[in-house]
Engineer: 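Dumping the structure here so I can ask a few things about it.
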Amino acid sequence: MTDRGTLVFWLIVWALGLFALLFGQWKSKHPGTALPLVYALSLSLIHLFGGMIYAFPWYEPEALYLLHSGTHLGVIAEGFRVSTIGFLGFIIGVLLIAPRLLPHKDLSSHQKMIPGEQKRLPVNLMLLGGLFFVFIAPILGAIPSIGAAAVSGVRFAIVGLALACWVAWAEARKADFLKWLSLTALFPALTTATMGFIGFGTNAAIAVWMFVTTFYRPRWHVVTGFIAILYFGLSVFVTYFRDREEIRAWGMDTKQGLVESAVARATRVKDTFLNFEFLSFTDQAHLEYIDTRLNQNLFVGQSMEFMEAGGVEYAKGSTIAWAAVAFVPRILWPSKPNIVGGTDTISKYTGRDFGTSTTTFGIGNILEFYINFGTIGVFCGLLLLGTGIRVCDIHAGQHLNGGDWWRFAAWFGIGLGLIQPGTNLAHVVTGTAALVVLVSILYELHFKKLYLPAGVTPPEARTAPPGRGKARPMRGSAMPVGTGAKATAGVTRPPRPNRPNRPPRPPRPAGGRRRPGRGRKTL
C-alpha cells in the first residue's frame with residue numbers, strides 16, 4: 001500500500017472513532033458532560049486535519065518553511081498512524097474502562113444548595129472567571145504556585161457559561177439558551193484581541209459546544225452542527241493565521257498602556273475578520289496554513305525516524321517523572337527543577353534545529369508518550385488519559401443530575417484541566433493540581449455556606465411532571481428526569497401530604513324544601 005493509501009485508511013479509522021465516541025456517550029447509562037468529546041475534537045485539530053490535507057492528490061507543500069522543516073507525505077503518514085493508534089486507546093478508556101470503574105449513582109437525595117444561590121451560580125461563575133482573566137491572572141500569574149492557580153481560575157467562566165446554557169434548555173427558555181450559546185463566540189475574539197492567540201479561546205468555545213451536544217435535541221442537528229463547527233472553526237483559523245503576525249505586532253508598543261494596547265489589537269482583529277475567508281480545500285495557502293500550525297504528525301513522524309536511526313534513546317519515563325515533580329508546589333519545594341518541554345524537547349527527539357525562530361510549539365501528548373515508550377506508550381498513555389477524563393465526566397454528570405451545581409462545576413473544571421493535548425504532561429499536572437487546590441479553597445471560604453443542612457429539601461424546589469415542558473430527558477446525558485418551563489433542575493417534587501378527612505354532612509331534614517333547580521324533576 002502506498003503512503004497515501006495508508007494515510008487514507010487511518011483517516012477513515014479516526015473518523016469512525018469520532019462518531020463511535022459521540023454515539024457511545026449518547027447511549028451510555030452513565031451521565032456525562034462531553035469532556036471526552038472536548039479532548040477528541042481538540043486532538044483532531046492538531047492531528048486529523050494535518051493528516052487529511054496530505055490525502056489530497058493536488059497538495060504538495062511549497063512554502064520555504066515547510067520545505068526546510070523536512071515535511072513530506074511519508075513522514076506525515078507514519079506520524080498520523082501512531083496518532084490514530086493512540087486515539088483508539090483513548091476511545092477504549094472512555095467507553096469501556098472508565099464506566100466499569102464507577103457505579104451508577106443517584107445523587108438527587110444529597111445535600112442541596114440554597115435555591116436562590118443556586119439560581120445565581122451560573123452568572124457568578126462567569127463573573128468569577130472574568131475576574132481571574134482581567135485582574136488576578138495578569139497580576140499574580142508570575143508568582144510560583146499562586147500563578148498556576150490564578151490562570152486556572154479563568155476556567156470558571158467556561159463552566160458558568162456551559163451551566164447557563166443547560167439551565168436555559170432545561171427550563172425551555174430557548175431565547176436565553178441561544179443568547180448564552182452565542183456568547184461562546186467571544187472566547188476566541190477575546191483571547192485574540194488581548195493575547196494575540198486564538199487557540200485558548202477556541203478550546204474554551206469547544207468545551208461549551210460539546211457540552212451542549214449531551215442534551216440538545218434533535219440529534220441530527222447535533223451531527224450537522226458538529227460538522228459545521230469543524231468547517232467554520234477551520235475557516236476562522238485560516239483567516240486568523242493569514243494576519244496573525246500583524247495582529248500580534250499591533251498593540252505591542254511599550255509606551256502604550258494595557259488598555260490602549262488591547263484596543264489597538266482589537267481594532268486590527270476587527271479589520272481581519274471583516275475580510276473573512278471561508279476554508280477552501282483547493283487553496284494552496286489555506287492548506288499550508290493548516291500544515292504549518294495544525295500538523296503535529298510531522299513531529300511524531302520525524303521522532304520515529306530519528307530515534308529508530310539511533311539519534312537518541314527513548315526517554316523511558318523521564319518526562320513523565322517531570323510531571324510527577326510538577327505536582328509538588330514550588331512554595332513547598334523552592335529548588336524544584338524547571339519544567340523541560342516545548343520546542344527544546346522537540347528538537348532533542350526529532351533532530352531538528354529550529355534556529356532563531358520565535359515560533360514555539362508544544363510537545364503534545366502523542367509525541368511525549370512516544371518519546372518515552374514508543375507506539376505502545378502512546379496507546380497506553382492515551383488509554384489512561386481517556387479513563388481519567390471520563391471519570392471526571394461521570395462525576396460531573398452525576399452531580400449535575402443530582403442538583404449539586406457547585407460540585408458539577410468543580411469536576412467539570414478539573415476535567416477541563418486534563419484536556420490539553422498540545423502541551424506537555426508537566427503543565428497538564430500543574431494546572432490541574434492548582435485548580436483542585438483553588439476549588440477546595442473557594443469551597444471552604446464561600447461555597448460551603450451556600451448549602452442547606454443535610455437532609456433538608458427546599459419547599460419551593462419543585463419540578464414540573466415529565467411531559468409538561470418542551471425539554472426532554474436523554475439517557476446518558478445531563479438532562480434532569482423531570483423538566484418544565486418553571487423547573488428547578490435536578491430537584492424532584494416532594495410528595496403531596498394527605499388532606500385531612502372532611503366531617504360528614506348532616507342529614508337533610510325530612511320534608512325539607514329543596515332549592516329550585518337542584519332537585520329531581522317530576523311530572
Engineer: Any side-chain to backbone donor/acceptor pair from S303 onto Y349? Under 3.5 Å, distance only.
Structural biologist: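 Absent.
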
Engineer: Using the side-chain contact (heavy atoms from CB on, under 4.5 Å) rule, take L35 and L416 through it: C-alpha gap first, then chi angles, then the decisive distance, then the call.
Structural biologist: CA-CA 7 Å; L35 287 174; L416 290 178; 3.8 Å; yes

Engineer: Under 3.5 Å, side chain of E62 to main-chain N/O of L67, donor-acceptor pair present?
Structural biologist: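 It does not hold such a pair.
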
Engineer: Just wondering, do I53 and W58 contact through their side chains at under 4.5 Å, heavy atoms?
Structural biologist: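 W58 does not reach I53 side chain to side chain.
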
Engineer: What residues, two or more places apart in sequence or in another chain, satisfy ring-ring contact (aromatic ring centres under 6.0 Å, His included) together with W10?
Structural biologist: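 Partners of W10 by the ring-ring contact (aromatic ring centres under 6.0 Å, His included) criterion come out as none, since no residue qualifies.
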
Engineer: Judged by modelled atom types alone, do N365 and Y39 share a side-chain donor-acceptor pair under 3.5 Å?
Structural biologist: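 Result is yes, a qualifying pair exists.
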
Engineer: What I'd like to find out is whether the side chain of I371 reaches to under 4.5 Å of the side chain of V312, using heavy atoms alone.
Structural biologist: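 In short, these two side chains do not touch, never coming nearer than 4.5 Å.
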
Engineer: Check step by step if side-chain contact (heavy atoms from CB on, under 4.5 Å) holds for L294 and F49.
Structural biologist: CA-CA 7 Å; L294 299 181; F49 299 105; 5.5 Å; no

Engineer: Tell me if a side-chain donor or acceptor on T184 pairs with a main-chain N or O of L181 at a distance below 3.5 Å.
Structural biologist: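 A pair under 3.5 Å: yes.
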
Engineer: Looking only at heavy atoms, what is the nearest atom pair of P36 and L21, with distance?
Structural biologist: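 Here P36 and L21 meet closest at O-CD2, 3.9 Å.
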
Engineer: I'd like to check V208 versus C165 (side-chain heavy atoms, cut-off strictly below 4.5 Å). Are they in contact?
Structural biologist: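 Sidechains of C165 and V208: in contact.
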
Engineer: Quick one: CG on D291 to CD1 on I76, what's the gap to the nearest 0.5 Å?
Structural biologist: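 Answer for the CG-CD1 pair, D291 versus I76, is 6.0 Å.
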
Engineer: Of all the heavy-atom pairs spanning G415 and C392, show the shortest one and how long it is.
Structural biologist: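 Looking at all heavy atoms of both residues, the closest pair is CA-CB, 4.0 Å.
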
Engineer: Kindly determine whether L383 and F90 satisfy side-chain contact (heavy atoms from CB on, under 4.5 Å), including the steps that lead there.
Structural biologist: CA-CA 4 Å; L383 183 145; F90 175 81; over 6 Å; no

Engineer: With side chains defined as the heavy atoms from C-beta onward, is the minimum distance between Q296 and I366 less than 4.5 Å?
Structural biologist: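 Contact flag for Q296/I366 side chains = no.
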
Engineer: Once you round to the nearest 0.5 Å, how far does CD of E288 lie from CG of L66?
Structural biologist: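 Output value for this atom pair is 5.5 Å.
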
Engineer: Any idea which heavy atoms bring V439 and A410 closest together, and the distance?
Structural biologist: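 Heavy atoms only, the tightest pair is CG1-CB, 3.5 Å.
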
Engineer: Hey, does the side chain of Q25 reach the backbone of T33 with a donor-acceptor pair shorter than 3.5 angstrom?
Structural biologist: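 Not a single qualifying donor-acceptor pair exists.
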
Engineer: For E368, does its backbone N or O pair with a side-chain atom of N372 as donor and acceptor, under 3.5 Å?
Structural biologist: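 Here the side-chain-to-backbone pair exists.
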
Engineer: So do the side chains of P31 and L400 get within less than 4.5 Å of each other, counting heavy atoms only?
Structural biologist: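 P31 vs L400: side chains apart.
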
Engineer: Between G413 and R155, which heavy-atom pair has the shortest distance, and what is it?
Structural biologist: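 Between these two residues, the closest heavy atoms are O-CD, 4.0 Å.
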
Engineer: Under a 3.5 Å distance rule, please check whether Q284 uses its side chain to pair with a backbone N or O of E60 as donor and acceptor.
Structural biologist: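 Present.
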
Engineer: Any side-chain heavy-atom pair from L48 and L18 closer than 4.5 angstrom?
Structural biologist: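 Yes, side chains in contact.
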
Engineer: If you count heavy atoms of other groups shown closer than 6.0 angstrom to CZ of F135, is the number above 12?
Structural biologist: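 Open.
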
Engineer: State which residues pass side-chain contact (heavy atoms from CB on, under 4.5 Å) with Y289; sequence neighbours excluded, sorted by chain then number.
Structural biologist: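 Result, side-chain contact (heavy atoms from CB on, under 4.5 Å) vs Y289: F237, V238, F241, R242, A285, H286.
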
Engineer: Taking only residues at least two apart or on different chains, which pairs with a member in residues 12-24 satisfy side chain to side chain donor-acceptor pair (under 3.5 Å)?
Structural biologist: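 Listed by first then second residue: W14-S44.
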
Engineer: Walk me through whether N424 and T319 qualify under side chain to side chain donor-acceptor pair (under 3.5 Å).
Structural biologist: CA-CA 8 Å; N424 57 14; T319 68; over 6 Å; no

Engineer: Closest heavy-atom contact between L367 and V300?
Structural biologist: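 Nearest heavy atoms, L367 then V300: CD1-CA, 4.1 Å.
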
Engineer: Okay, side chain of T191, backbone of F200: is any donor-acceptor separation there less than 3.5 Å?
Structural biologist: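 Here the side-chain-to-backbone pair does not exist.
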
Engineer: If you draw a 6.0 Å radius around CD in E444, do more than 12 non-hydrogen atoms from other residues or ligands fall strictly inside?
Structural biologist: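 Atom CD in E444 is packed in, count exceeds 12.
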
Engineer: Apply side chain to side chain donor-acceptor pair (under 3.5 Å) to the pair S280 and T282, showing each step before the final yes or no.
Structural biologist: CA-CA 5 Å; S280 172; T282 59; 3.0 Å; yes

Engineer: Let me confirm one number: the CZ-CZ distance from F80 to F87, rounded to the nearest 0.5 Å.
Structural biologist: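 Those atoms lie 9.0 Å apart.
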
Engineer: Has N297 got a side-chain atom pairing as donor or acceptor with H47's backbone, closer than 3.5 angstrom?
Structural biologist: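 Judged by distance alone, yes, a pair lies under 3.5 Å.
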
Engineer: Using the ring of each side chain (for Trp, its six-membered ring), is W411 parallel, tilted or perpendicular to H395, with breaks at 30° and 60°?
Structural biologist: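 Judged by the thresholds at 30° and 60°, the geometry between W411 and H395 is parallel.
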
Engineer: Going from OH on Y370 to CD1 on I85, what distance comes out if it is rounded to the nearest 0.5 angstrom?
Structural biologist: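 Answer for the OH-CD1 pair, Y370 versus I85, is 10.5 Å.
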
Engineer: Would you say the side chains of S28 and R390 form a donor-acceptor pair under 3.5 Å?
Structural biologist: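 Note: S28 and R390 side chains meet the donor-acceptor criterion.
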
Engineer: Any donor and acceptor pair, going by atom type alone, linking the side chain of T214 with main-chain N or O of A34 inside 3.5 Å?
Structural biologist: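 Answer holds: no.
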
Engineer: Decide yes or no for L37 and L41: does some side-chain heavy atom of the first lie under 4.5 Å from some side-chain heavy atom of the second?
Structural biologist: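 A side-chain contact under 4.5 Å is absent here.
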
Engineer: Do other residues, nucleotides or ligands put more than 12 heavy atoms under 6.0 Å from the CZ atom of F276?
Structural biologist: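 Result for CZ/F276: enclosed.
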
Engineer: Given 3.5 Å as the limit, does a donor-acceptor pair link the side chain of D3 with the main chain of L73, or not?
Structural biologist: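 No, the answer is negative, given that no donor and acceptor are paired below the 3.5 Å cut-off.
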
Engineer: Which heavy-atom pair separates I158 from A207 by the least distance, and what is that distance?
Structural biologist: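 The answer is CG2-CB, 3.9 Å.
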
Engineer: Taking the six-membered ring for Trp, are F412 and F156 closer than 6.0 Å centroid to centroid?
Structural biologist: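 Centroid separation for F412 and F156: 6.0 Å or greater.
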
Engineer: Below 6.0 angstrom between ring centroids: does that apply to F56 and Y54?
Structural biologist: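 That pair fails the under 6.0 Å test.
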
Engineer: With side-chain contact (heavy atoms from CB on, under 4.5 Å) as the test, would you mind laying out the steps for S235 and E277 before giving the verdict?
Structural biologist: CA-CA 6 Å; S235 300; E277 294 185 28; over 6 Å; no

Engineer: I'd like to check F369 versus T375 (side-chain heavy atoms, cut-off strictly below 4.5 Å). Are they in contact?
Structural biologist: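 Heavy-atom side-chain distance check fails, nothing below 4.5 Å.
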
Engineer: State the CD1-CG distance between I414 and L435, to the nearest 0.5 angstrom.
Structural biologist: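 That separation rounds to 5.5 Å.
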
Engineer: Could you tell me the separation between the CD1 atom of I206 and the CZ atom of F187, rounded to the nearest 0.5 Å?
Structural biologist: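 CZ of F187 is found 12.0 Å from CD1 of I206.
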
